[in-house]
Amino acid sequence: MTIFIRRFLSEEEFDDNFNTVDLVKKTLVCFSLEDKKPPWKLWGYAYNDPKVEHAETIVLRELKKYLGSNPTKKDSQYKITLYASYSPCLTCCEEIYKFLNNNNEKVIMKLNISRFYNFHDYDNKISLKILRKYGVQIKMMDLEDYKACFYLFVDPNVELQPREELDVQCQRNEIDLDRLWSEEFQVFEDYLLRRKGQNSAISFISEHLSPGHDRLQKDLTTPKKDEQETASQAKTPVKLPQIKDMDRKERFKRKLPFD
DNA sequence: ATTTTCAAT
């Protein structure tokens with residue numbers, strides 16, 4: 001059993017997994033499911049089950065279970081936020097896609113990634129692009145995201161002391177992701193041909209690289225770099241309030257005890 | 001390629 005529901009991470013676990021220096025041979029995914037109203041309906045974290053399942057699969061199963069046993073009202077809207085220590089592989093991206101497809105427009109998903117999993121692997125790149133096109137809000141974690149993740153899943157009363165090199169690595173990751181978004185995959189037909197007959201999710205890729213597969217009416221895709229810059233000029237970045245400044249509603253949403 | 005990568009020793 002590698003999933004933990006409604007449980008906080010230890011500082012050690014956070015540092016072991018959400019750093020960009022160590023060679024980490026496991027994956028940690030923190031997750032939360034929220035409705036229109038606080039508090040979170042479901043939250044926790046999961047590790048991969050070595051040689052058995054990736055962490056995303058385990059989290060999705062839990063989310064599926066919750067949504068299945070809690071029939072959605074017609075106006076319900078869920079938001080799922082994931083903080084993943086590695087980006088999802090092709091198979092996990094396909095599972096995320098299926099999960100969202102089954103829940104149609106009732107679920108939006110934010111996927112915050114600490115570092116790339118096999119960044120130069122074509123499968124991983126193209127499947128991330130597909131997820132983005134499908135409406136998943138994908139972001140490489142920056143310093144604020146690490147702080148938010150720590151605040152939400154470790155301890156709101158302790159301030160994260162990020163490792164020295166974290167910030168510069170965040171900037172590199174963001175550049176990599178922007179590059180990926182603008183990258184054209186011209187050799188795609190060749191790729192399909194080469195991979196034909198192999199046991200891989202070719203249909204997932206081939207069906208979704210063609211235009212017209214955007215899931216949501218609204219454009220929820222992550223803005224591109226130039227769009228982001230104009231957006232960031234318009235509004236200041238959201239900062240989590242200090243614990244003492246948080247009102248009751250906010251504390252409730254963050255599932256914190258009251259004084 | 002800055003970039004190993006959801007273990008195995």
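Values below: every heavy atom of this structure, side chains too, minus hydrogens, waters and symmetry copies. So that the names make sense, note that chain A is the first sequence line, chain B the second, and so on, each numbered from 1.
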Here the distance between atom C1' of B:dC6 and atom CZ of A:Arg115, to the nearest Å, is 12 Å
A:Glu94 CD to B:dC6 C1', in whole Å, measures 17 Å
With a non-hydrogen cut-off below 4.0 angstrom, is A:Glu53 in contact with a base, only sugar-phosphate, or nothing? nothing
Residue-phosphate contact under 4.0 Å: A:Tyr86 side-chain N/O, B:dT5 OP1/OP2: no
Comparing nearest nucleotides in DNA chain B, the 5'-proximal residue of the pair A:Asp49, A:Asp22 is A:Asp22
Whole-Å distance, A:Asn118 CG to B:dA1 P, equals 16 Å
With no hydrogens and no angle check, do the side chains of A:Tyr146 and A:Ser114 hold a donor and an acceptor under 3.5 Å apart?
-> yes
With a non-hydrogen cut-off below 4.0 angstrom, is A:Asp176 in contact with a base, only sugar-phosphate, or nothing? base
*Quantified in whole Å, what is the P atom distance between nucleotide B:dT3 and nucleotide B:dA7?*
22 Å
* Asked: Looking at A:Asp16 and A:Lys26, does any basic side-chain N land under 4.0 Å from a carboxylate oxygen?
  -> no
What's the gap between B:dT4 and B:dT9 when it is taken at their C1' atoms, as a whole Å value? 16 Å
Atom NZ of residue position A:Lys36 - does it have more than 12 heavy atoms of other residues, nucleotides or ligands inside 6.0 Å?
yes
Checking B:dT5, B:dC6, B:dT2 against the side chain of A:Leu23 (C-beta onward), the nearest is B:dT5
Among the nucleotides B:dT2, B:dC6, B:dA7, whichever has the atom closest to the side chain of A:Gln169 is B:dT2
*For A:Thr57, which contact category applies under a 4.0 Å heavy-atom criterion: base, sugar-phosphate, or nothing?*
nothing
To the nearest angstrom, the CG-P distance between A:Leu128 and B:dT3 comes to 20 Å
To the nearest angstrom, the NE2-P distance between A:His54 and B:dT5 comes to 12 Å
A:His120 NE2 to B:dT5 C1', in whole Å, measures 12 Å
A:Asn173 CG to B:dT5 C1', in whole Å, measures 13 Å
- Does OP1 or OP2 of B:dT9 have a side-chain N or O of A:Lys25 closer than 4.0 Å? no
On a heavy-atom basis, the closest approach of A:Glu62 and A:Leu42 is O-CD2, 3.9 Å
To the nearest angstrom, the OH-P distance between A:Tyr47 and B:dT5 comes to 20 Å
Next item on the list: Answer yes or no: is there a donor N or O on one side and an acceptor on the other, between the side chain of A:Asp49 and the main chain of A:Thr2, under 3.5 Å?
Entry: no
